[in-house]
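What follows is a single structure, written as structure tokens, with notes after it.
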Protein chains: 2
Amino acid sequence: MESFQNTQPIYLQIMNLIKKQIATSVFNPGQLLESVRELAMIYQVNPNTVQRALSELEREGLVRSERTVGRYITKDEAAIAQLHQNLVDEATSTYINNVLELHLSPEEIITTVKNRLKGDNT
Amino acid sequence: MESFQNTQPIYLQIMNLIKKQIATSVFNPGQLLESVRELAMIYQVNPNTVQRALSELEREGLVRSERTVGRYITKDEAAIAQLHQNLVDEATSTYINNVLELHLSPEEIITTVKNRLKGDNT
DNA sequence: ATTATTGTATTAGGTGCTTAATACAGTAAT
DNA sequence: ATTACTGTATTAAGCACCTAATACAATAAT
């Protein structure tokens with residue numbers, strides 16, 4: 001049960017979602033993933049779209065497929081730690097670039113983040 | 001002369017680009033904008049794509065078109081200030097949500113941002 | 001052996017985005 | 001008046017993404 005934006009390909013959004021779940025141990029190393037058809041039901045999308053997302057994740061080495069059994073999350077915990085770090089770094093870089101382009105000073109950026117964390121505005 | 005991602009519609013990327021330029025006074029209030037055909041040359045895209053982006057910006061009240069003269073940036077400086085604030089808020093919300101989902105604590109978020117600002121990693 | 005599940009592949013159709021090629025009406029300058 | 005520029009509109013084509021409907025080979029459980 002997930003909803004997706006229409007401004008970005010769904011298969012990319014699913015990839016990012018699963019990456020986050022791997023990086024935060026929602027899926028544990030070596031764990032068997034839900035089947036393509038199950039995930040398609042959960043996400044309310046076509047099985048082909050899930051297949052596309054998982055194939056890309058496999059190409060990146062984060063999951064591997066056992067042809068008639070299912071898909072497993074990688075056991076490589078170092079790779080998972082690296083994934084987590086990359087996701088944090090990428091998000092941070094994107095954000096800092098954005099607000100620098102909006103002419104915020106480093107001090108203003110810090111206070112902006114602090115204020116948002118205080119207010120807990122989700 | 002701009003390059004765009006292929007994961008998001010170009011007209012949306014152009015909208016965001018122009019919004020930033022309005023919010024940071026690259027374009028001043030009331031200023032005449034480059035023509036559709038000029039912008040298409042600059043961005044290396046089809047005039048129709050620029051037209052689409054500018055139409056949406058007009059719908060949001062940020063530019064207005066003088067039918068056979070050109071397009072003007074809004075004179076409403078309060079609206080521009082509001083635009084700037086909205087862009088900052090939206091970027092910050094998106095970022096905080098992202099890193100919270102990655103299980104970073106508020107303290108870790110602050111130090112991550114500070115470190116990135118120190119390192120000046122663009 | 002049969003049944004249900006797995007990943008994978010194929011075909012067809014629909015939609016949105018982008019490009020290309022024109023065209024038109026109105027303004028400004030010569 | 002002519003010329004060159006505006007925004008705007010239309011048509012056709014191509015492409016990526018998504019869906020729907022199947023199908024197949026291999027595994028696991030009964």
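So you know, we letter chains A, B, ... as the sequences are listed, proteins then strands, and number each from 1.
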Atom-to-atom span, [atom1] of [X] to [atom2] of [N] - whole angstrom:
X       : N      : atom1 : atom2 : value
B/Asn46 : D/dA12 : CG    : P     : 17 Å
A/Ile14 : D/dT19 : CD1   : C1'   : 13 Å
A/Leu54 : C/dA9  : CG    : P     : 13 Å
B/Gln51 : D/dT10 : CD    : P     : 12 Å
B/Leu39 : D/dT8  : CG    : P     : 13 Å
A/Phe4  : D/dC17 : CZ    : P     : 16 Å
B/Leu57 : D/dT8  : CG    : P     : 12 Å
B/Glu58 : D/dT6  : CD    : P     : 16 Å

Dump the pairs, protein N or O against N or O of nucleotides 12-17 of chain C, anything under 3.5 Å, distances to one decimal.
residue : atom : partner : partner atom : Å
C/dC17  : OP1  : B/Tyr11 : OH           : 3.4
C/dC17  : OP2  : B/Arg52 : NH1          : 3.2
C/dC17  : OP2  : B/Arg52 : NH2          : 3.3

Looking at [N], I'd like to know if its phosphate oxygens (OP1 or OP2) sit under 4.0 Å from a side-chain N or O belonging to [X].
X       : N      : value
B/Arg71 : D/dC5  : no
B/Thr49 : C/dT19 : yes
B/Ser65 : D/dT8  : yes
A/Arg37 : D/dT22 : no

Readout for nucleotides 25-30 of chain C: B = base within 4.0 Å of protein heavy atom, S = sugar-phosphate only, - = neither; 5' to 3' it is -BS---
Just wondering, do [Y] and [X] contact through their side chains at under 4.5 Å, heavy atoms?
X       : Y       : answer
B/Val50 : B/Val45 : yes
A/Asn98 : B/Val88 : no
B/Ile14 : B/Phe4  : yes

Regarding the side chain of A/Asn48, the nearest nucleotide among C/dG7, C/dT10, C/dA20 is C/dT10
Check your understanding: Got a sec: does the CD of B/Glu108 have more than 12 other heavy atoms crowding it under 6.0 Å?
Key -> yes
- prompt: Does atom CD of B/Glu60 have more than 12 heavy-atom neighbours, drawn from other residues, nucleotides or ligands, at distances under 6.0 Å?
  reply: yes
Regarding A/Ser93 and B/Arg116, do their side chains bring together a donor and an acceptor under 3.5 Å, going by distance alone? yes
Regarding B/Asp89 and B/Gln85, is there a side-chain donor-to-acceptor distance under 3.5 Å anywhere?
-> yes
Practice prompt. Identify whether the distance between the nearest side-chain nitrogen and carboxylate oxygen of B/Glu58 and B/Arg71 falls below 4.0 Å.
Written response: yes
B/Tyr95 vs A/Tyr95 aromatic rings, parallel, tilted or perpendicular, using cut-offs 30° and 60°?
parallel
